[in-house]
Amino acid sequence: MFKILNWKHRYFKKKLRGVECMILDLEFKKFKTLEIREEIRQEYDNQKSRLNVLEAQIKAQLKTEKICEIHNPEKGKEPVPLQKGKCVCEYIEKHMEIAEIERMYDQKVLLKRDMGRFLEQMKGLDIEVKGAPPSSENHAGTEGINQTLDSLVELKGMVRDYTKQI
């Protein structure tokens with residue numbers, strides 16, 4: 001009966017309820033963030049497989065392994081020099097038009113750009129959930145949802161113990 005009339009006890013009971021609600025909110029946020037990350041990862045995998053198929057199609061159209069400076073993004077391979085600023089790649093004749101092959105190269109560039117964007121999004125979501133240690137760019141580091149949840153669970157125990165003492 002005494003605890004019901006004690007205003008401090010009621011106050012901290014409400015605080016305990018608020019902490020429990022914040023824990024539930026953060027658990028929901030973590031679940032949705034991980035769900036979104038999984039969708040982005042699946043899209044990244046789709047783009048990666050499309051890129052592999054596209055590269056195989058391009059390679060199938062080449063007569064030789066020689067690729068001009070424009071179409072050879074890989075370092076270490078010997079590129080064929082351009083002749084008067086034009087592409088000198090040798091393609092299988094009458095199978096595909098040069099414009100179609102150029103479209104495939106453009107599509108390849110777009111796929112690589114999209115894949116980079118998806119990787120950056122996944123890294124951002126990972127930092128949001130797991131946090132980031134201090135670095136030269138971010139001296140304080142970043143606290144993630146996991147660390148916040150751990151802190152709130154600890155706070156919940158402290159508030160519960162304190163209300164028992166009152």
K.L.:
Residues two or more places apart in sequence or in another chain: which of them pass side chain to side chain contact (heavy atoms under 4.5 Å, CB included) with Asp25?
P.N.:
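Asp25 satisfies side chain to side chain contact (heavy atoms under 4.5 Å, CB included) with no residue once adjacent residues are dropped.
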
K.L.:
Where do Gln57 and Lys108 land on the side-chain contact (heavy atoms from CB on, under 4.5 Å) test, with the steps shown first?
P.N.:
CA-CA 11 Å; Gln57 286 176 343; Lys108 182 179 171 181; over 6 Å; no

K.L.:
How long is the gap from NZ on Lys8 to CD on Gln165, to the nearest 0.5 Å?
P.N.:
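With rounding to 0.5 Å, NZ (Lys8) is 12.0 Å from CD (Gln165).
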
K.L.:
Can you get from Ile145 to Phe31 by hopping between Ile, Leu, Val, Met, Phe, Trp and Tyr side chains that sit under 4.5 Å apart?
P.N.:
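Different hydrophobic clusters.
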
K.L.:
By side chain to side chain contact (heavy atoms under 4.5 Å, CB included), which residues pair with Glu43, not counting sequence neighbours?
P.N.:
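Checked Glu43 against side chain to side chain contact (heavy atoms under 4.5 Å, CB included); matches are Asn46, Gln47, Arg50, Phe118.
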
K.L.:
Quick one: salt bridge (Lys or Arg N to Asp or Glu O under 4.0 Å) partners of Lys14, sequence neighbours excluded?
P.N.:
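Residues passing salt bridge (Lys or Arg N to Asp or Glu O under 4.0 Å) with Lys14: none at all.
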
K.L.:
Excluding sequence neighbours, so at least two apart, what forms ring pair (Phe, Tyr, Trp, His ring centres under 6.0 Å) with Phe12?
P.N.:
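By the ring pair (Phe, Tyr, Trp, His ring centres under 6.0 Å) rule, Phe12 matches Tyr162.
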
K.L.:
Could you check Glu55 against Leu51 for side-chain contact (heavy atoms from CB on, under 4.5 Å), going step by step and ending with a plain yes or no?
P.N.:
CA-CA 6 Å; Glu55 286 176 342; Leu51 181 64; 4.0 Å; yes

K.L.:
Do Leu125 and Ile127 land in one hydrophobic cluster if side-chain heavy atoms of ILVMFWY residues count as linked below 4.5 Å?
P.N.:
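No: no chain of side-chain contacts under 4.5 Å links Leu125 to Ile127.
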
K.L.:
Should Lys156 and Met22 count as side-chain neighbours, where that means a heavy-atom distance under 4.5 Å?
P.N.:
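A side-chain contact under 4.5 Å is absent here.
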
K.L.:
Please identify each residue that fulfils side-chain hydrogen bond (donor to acceptor under 3.5 Å, both in side chains) with Lys30, with sequence neighbours left out.
P.N.:
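For Lys30 the side-chain hydrogen bond (donor to acceptor under 3.5 Å, both in side chains) partners, ignoring immediate neighbours, are Asn146.
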
K.L.:
If you group Ile, Leu, Val, Met, Phe, Trp and Tyr by side-chain heavy-atom gaps below 4.5 Å, do Leu119 and Ile36 land in one group?
P.N.:
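Yes, because Leu119 and Ile36 connect within a single hydrophobic cluster, where side-chain heavy atoms sit under 4.5 Å apart.
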
K.L.:
To the closest 0.5 Å, what do you measure between SG (Cys21) and CG (Leu152)?
P.N.:
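Going from SG on Cys21 over to CG on Leu152, the span is 11.5 Å.
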
K.L.:
With rounding to the nearest 0.5 angstrom, report the CD1 to CG distance, Ile40 to Asp45.
P.N.:
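Here the interatomic distance stands at 12.0 Å.
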
K.L.:
Find out if a path of hydrophobic residues (ILVMFWY) with successive side-chain heavy-atom gaps under 4.5 Å connects Tyr44 to Leu110.
P.N.:
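No, Tyr44 does not connect to Leu110 through the hydrophobic network.
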
K.L.:
What is the distance from atom CG of Asp106 to atom CZ of Arg103, rounded to the nearest 0.5 Å?
P.N.:
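So the CG of Asp106 and the CZ of Arg103 are separated by 9.0 Å.
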
K.L.:
Between Met158 and Glu154, is there a side-chain heavy-atom distance shorter than 4.5 Å?
P.N.:
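With C-beta onward as the side chain, the pair touches.
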
K.L.:
Same cluster or not: are Tyr11 and Leu155 linked, directly or through other Ile, Leu, Val, Met, Phe, Trp or Tyr residues, by side-chain heavy atoms under 4.5 angstrom apart?
P.N.:
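Tyr11 clusters together with Leu155.
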
K.L.:
Over all heavy atoms of both residues, which pair between Thr148 and Leu26 is shortest? Give the atoms and the distance, please.
P.N.:
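Answer, listing the atom of Thr148 first, then Leu26: CG2-CD1, 3.3 Å.
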
K.L.:
Could you tell me which non-hydrogen atom of Val129 sits nearest to which non-hydrogen atom of Leu34, and how far apart they are?
P.N.:
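The pair with the smallest heavy-atom distance is CG2-CD2, 4.1 Å.
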
K.L.:
Looking at Met104 and Leu54, what are the two nearest heavy atoms and their distance?
P.N.:
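Heavy atoms only, the tightest pair is O-CD2, 3.3 Å.
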
K.L.:
Kindly state each residue pair satisfying side chain to side chain donor-acceptor pair (under 3.5 Å) with at least one member in residues 114-134, sequence neighbours excluded.
P.N.:
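Residue pairs with at least one partner in residues 114-134: Arg37-Asp126, Asp114-Arg117.
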
